[in-house]
Amino acid sequence: MNVTLFNRIRGYVAIDVRGNRQEQLLNALVSKRFRIWDVRRKDEQSVRLYMLLRDFFRLKPILKETGCRMHVVGRFGLPFWLDKLGHRKTFAIGLAAFIVGLYLLSSIVWRIDVEGNESIARSDILQAAKQQGLYRLQWKFRMAAPDELSDAIHRQLSGVSWVGVEVHGTKVQIKIVEATRPDQSPLMNPRHLVASQNALVTEILAETGKPIAKPNMNVKKGDILISGIIGEGAYLQTVVAKGKVRGVVWQEAVVEMPLAQKQKVYTGESKTRNYLVLGSRGLQVTGYGKVSYERFETHSDRKALGWRKYVLPIGWLKETVMESRIEEVQLAPEEGAAIALEQARSEVIAGAGKDAKLRGEKILLHEKSDNGKVYMKVLFEVEKDIAVEQAIVN
């Protein structure tokens with residue numbers, strides 16, 4: 001018979017019964033509804049069995065009736081464990097203190113996250129929450145209900161349409177939905193859109209104003225692309241020209257790349273330091289001593305204790321200090337040229353703007369000098385926005 005968890009909680013014992021009337025003893029135990037199991041004969045004069053602790057205290061009269069004797073060979077279950085624990089007061093006090101401390105730490109707000117705010121400062125939201133009794137290191141049982149906190153913070157903040165408060169263990173999350181306001185267009189004076197540099201127009205889209213340039217037209221710097229003057233004669237008027245004009249421009253780039261490159265490598269030597277983390281503080285447990293490496297990098301791995309969706313402010317932090325060194329690598333001229341060309345592409349695109357596209361490139365000069373560098377001169381064709389504003393002066 002397998003011992004159930006319920007029996008372990010109530011406690012049970014293993015006993016050896018000796019005597020000539022063992023069968024009568026067992027029949028009496030069954031008739032009086034004793035909970036016994038795993039009855040085995042050890043020899044001709046003894047039987048071993050298991051029974052609940054409560055039935056053990058009713059066993060003495062039956063032993064007298066049958067003339068049998070018993071000997072306890074094992075004590076099991078929670079009552080006996082608690083009895084042993086009572087003799088170890090220091091351990092019992094430490095265990096109780098740990099359980100109480102764990103409960104108290106899990107009853108404190110250790111972290112407050114704010115989501116959804118764009119124009120409202122996070123500090124203003126936290127200040128409004130603090131005035132309603134929600135702040136770090138606050139007892140959770142002293143806080144109002146999440147719905148009440150949401151309504152109170154909503155009334156205190158201006159420019160929000162909804163506020164939600166959610167409690168996840170020791171973390172509180174405040175979600176903000178800001179009220180949408182219509183965009184206010186700035187006041188602008190009448191203007192043209194002109195070419196910022198010499199280009200070949202590839203696309204033109206006029207929202208307001210009169211388009212002057214057309215696709216596949218070569219324009220020079222300062223030429224009007226979209227005019228802010230519309231109408232004729234008595235109906236002539238000036239407007240704020242708006243639109244999008246893209247064109248291909250030509251840009252020359254000169255780059256140089258040293259063939260001797262320095263790179264960082266790891267030596268394989270490392271040192272590990274472990275910390276017991278409580279909230280925002282850490283207590284170092286292992287890895288004492290100064291780091292003797294001249295160059296090194298530190299990689300951290302933090303793990304927090306949790307149960308289901310609750311995250312406790314107790315965890316373990318492991319830091320790995322890895323030794324590194326700088327090595328010099330000699331590139332082949334072809335590799336240096338490829339890296340230099342890629343660097344030139346990146347610089348040209350970054351300088352042309354986020355919507356720029358590289359349409360073509362041509363290497364004008366490619367040579368390797370004697371001082372260990374590759375020099376390149378490249379002509380790039382870049383498609384980008386070429387329109388800039390120009391005020392209309394009466």
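- Defined by atom type and a distance below 3.5 Å, a donor-acceptor pair is missing between the side-chain atoms of E319 and T298.
- Look at D16 and R18 and you find no salt bridge, because none of the NZ, NE, NH1 or NH2 atoms lies under 4.0 Å from a carboxylate O.
- Judged purely by atom type and a 3.5 angstrom limit, W110 uses its side chain to pair as donor or acceptor with the backbone of L105.
- No side-chain heavy atom of H192 sits under 4.5 Å from any side-chain heavy atom of I212.
- Of the possible polar contacts, none joining the K32 side chain to the I62 backbone as a donor-acceptor pair under 3.5 Å is found.
- Of the possible donor and acceptor atoms, none in the side chain of Q132 sits under 3.5 Å from a partner among the backbone N and O of A129.
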*Would N189 and E389 count as a side-chain contact (heavy atoms from CB on, under 4.5 Å) if you check the C-alpha gap in whole Å, the side-chain angles of each, and the deciding distance to 0.1 Å?*
CA-CA 11 Å; N189 295 324; E389 301 174 4; over 6 Å; no
_Test side-chain contact (heavy atoms from CB on, under 4.5 Å) applied to W316 and V277, step by step_ = CA-CA 6 Å; W316 191 261; V277 180; over 6 Å; no
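- Looking at every heavy atom in both residues, R35 comes nearest to D55 through N-OD2, 2.8 Å.
- With respect to E269 and R295, no salt bridge is recorded, no charged nitrogen being found less than 4.0 Å from a carboxylate O.
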*Begin from the C-alpha positions of V219 and V201 and carry the test side-chain contact (heavy atoms from CB on, under 4.5 Å) through to its verdict.*
CA-CA 7 Å; V219 295; V201 177; 3.9 Å; yes
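- None of D38, V13, V17 except one satisfies the side chain to side chain contact (heavy atoms under 4.5 Å, CB included) rule with L49; the exception is V17.
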*Audit row: I15, L59, side-chain contact (heavy atoms from CB on, under 4.5 Å) steps and yes/no*: CA-CA 11 Å; I15 61 175; L59 183 60; 3.7 Å; yes
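- Side chain of N198 to main chain of K221: a donor-acceptor pair is present (N/O by atom type, distance under 3.5 Å, no hydrogens or angles).
- Panel note: side chain Q22, backbone Q45; a donor-acceptor pair is recorded below 3.5 Å.
- A salt bridge links E327 with R325: the distance from a Lys NZ or Arg NE/NH1/NH2 to an Asp or Glu carboxylate oxygen falls below 4.0 Å.
- For the side chain to side chain donor-acceptor pair (under 3.5 Å) condition, the pairs that include at least one residue of residues 202-211, sequence neighbours left out, are T202-E383.
- Here L205 contributes atom CG and R246 contributes atom CZ; the two are 12.0 Å apart, rounded to the nearest 0.5 Å.
- The aromatic rings of F76 and Y50 lie tilted to each other, with the angle between the two planes from 30° to 60°.
- Defined by atom type and a distance below 3.5 Å, a donor-acceptor pair is present between the side-chain atoms of S46 and D43.
- No more than 12 heavy atoms of other residues, nucleotides or ligands sit less than 6.0 Å from atom OH of Y103.
- Residues V167 and M143 approach most closely at CG2-CE, 4.3 Å, considering heavy atoms.
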